[in-house]
Trainee: 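This is the structure I want to talk about, given as structure tokens.
Worth knowing before you read on, the calculation uses all heavy atoms, side chains too, and leaves out hydrogens, waters and symmetry mates.
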Amino acid sequence: MNEPLFWLGLSLCLVATSLTAVLIALIPVVQELSRAARSAEKLFDTLNREFPDTLEAIRVTNIEITELSEEMKGGVKSASGAVQKVDRTLINAKKQVESAQTKSKSFWIGLKTGLQAWKDYDKS
């Protein structure tokens with residue numbers, strides 16, 4: 001009867017020793033986890049302080065880019081209108097030049113015909 005009690009006591013002693021060894025090994029792990037938690041807390045505090053400012057700067061930049069884009073669209077539309085006006089002016093000028101050329105040719109043909117008729121009239 002002594003023998004089973006001895007083995008039970010020895011087993012309990014070994015379990016207690018093993019638990020103690022595990023707890024001793026766990027102490028540095030818990031310390032490192034504590035340090036990591038403090039570092040994470042500092043990081044989160046920094047993000048809480050800096051992130052809103054950064055987001056605001058990004059939002060303002062986005063608004064400025066949108067405004068510049070709108071201004072560029074207006075400038076392009078204005079330039080397009082100016083080009084169309086110049087194009088219409090050139091077309092009108094071309095038509096006027098063609099009309100003037102036609103009238104000029106008609107005038108010279110009429111003058112030549114008139115001179116020829118006058119010469120023919122003088123000869124008769």
Trainee: Can you get from L14 to W7 by hopping between Ile, Leu, Val, Met, Phe, Trp and Tyr side chains that sit under 4.5 Å apart?
Mentor: yes
Trainee: Could you grab the distance from atom CG of L43 to atom CG of N48, nearest 0.5 Å is fine?
Mentor: 9.5 Å
Trainee: State yes or no: do V15 and L23 share one hydrophobic cluster built from I, L, V, M, F, W and Y residues joined by side-chain heavy-atom distances below 4.5 Å, directly or via other members?
Mentor: no
Trainee: Measuring from L26:CG to Q31:CD, what's the distance to the nearest 0.5 Å?
Mentor: 10.5 Å
Trainee: With rounding to the nearest 0.5 Å, note down the distance linking NZ in K103 to CD in E98.
Mentor: 12.5 Å
Trainee: Set out, in order, the CA-CA distance, both residues' side-chain angles and the distance that settles salt bridge (Lys or Arg N to Asp or Glu O under 4.0 Å) for R38 and E41, then state yes or no.
Mentor: CA-CA 5 Å; R38 276 185 254 126; E41 186 178 358; over 6 Å; no
Trainee: Any side-chain heavy atom of E70 sitting closer than 4.5 Å to one from K73?
Mentor: yes
Trainee: Taking the side chain from S80 and the backbone from V76, do they hold a donor-acceptor pair closer than 3.5 Å?
Mentor: no
Trainee: State whether the side chain of T17 and the backbone N or O of C13 hold a donor-acceptor pair below 3.5 Å, judged by distance alone.
Mentor: yes
Trainee: To the nearest 0.5 Å, what is the distance between OG1 (T54) and CZ (R49)?
Mentor: 12.0 Å
Trainee: Can any side-chain N or O of T61 pair as donor or acceptor with the backbone N or O of A57 at less than 3.5 Å?
Mentor: yes
Trainee: Keeping T113 on the side-chain end and I109 on the backbone end, is there a donor-acceptor pair under 3.5 Å?
Mentor: yes
Trainee: How long is the straight-line distance from CG of N62 back to CD of E64, given to the nearest 0.5 Å?
Mentor: 10.0 Å
Trainee: For the side chain of S69 and the backbone of I65, is there at least one donor-acceptor N/O pair under 3.5 Å apart?
Mentor: no
Trainee: What is the distance from atom CD of Q101 to atom CD of Q96, rounded to the nearest 0.5 Å?
Mentor: 12.5 Å
Trainee: Look at the side-chain heavy atoms of Ile, Leu, Val, Met, Phe, Trp and Tyr, link any pair under 4.5 Å apart, and say whether W118 and L111 land in one connected group.
Mentor: yes
Trainee: We want to know whether S39 and R35 form a side-chain donor-acceptor pair, criterion being a heavy-atom distance below 3.5 angstrom.
Mentor: no
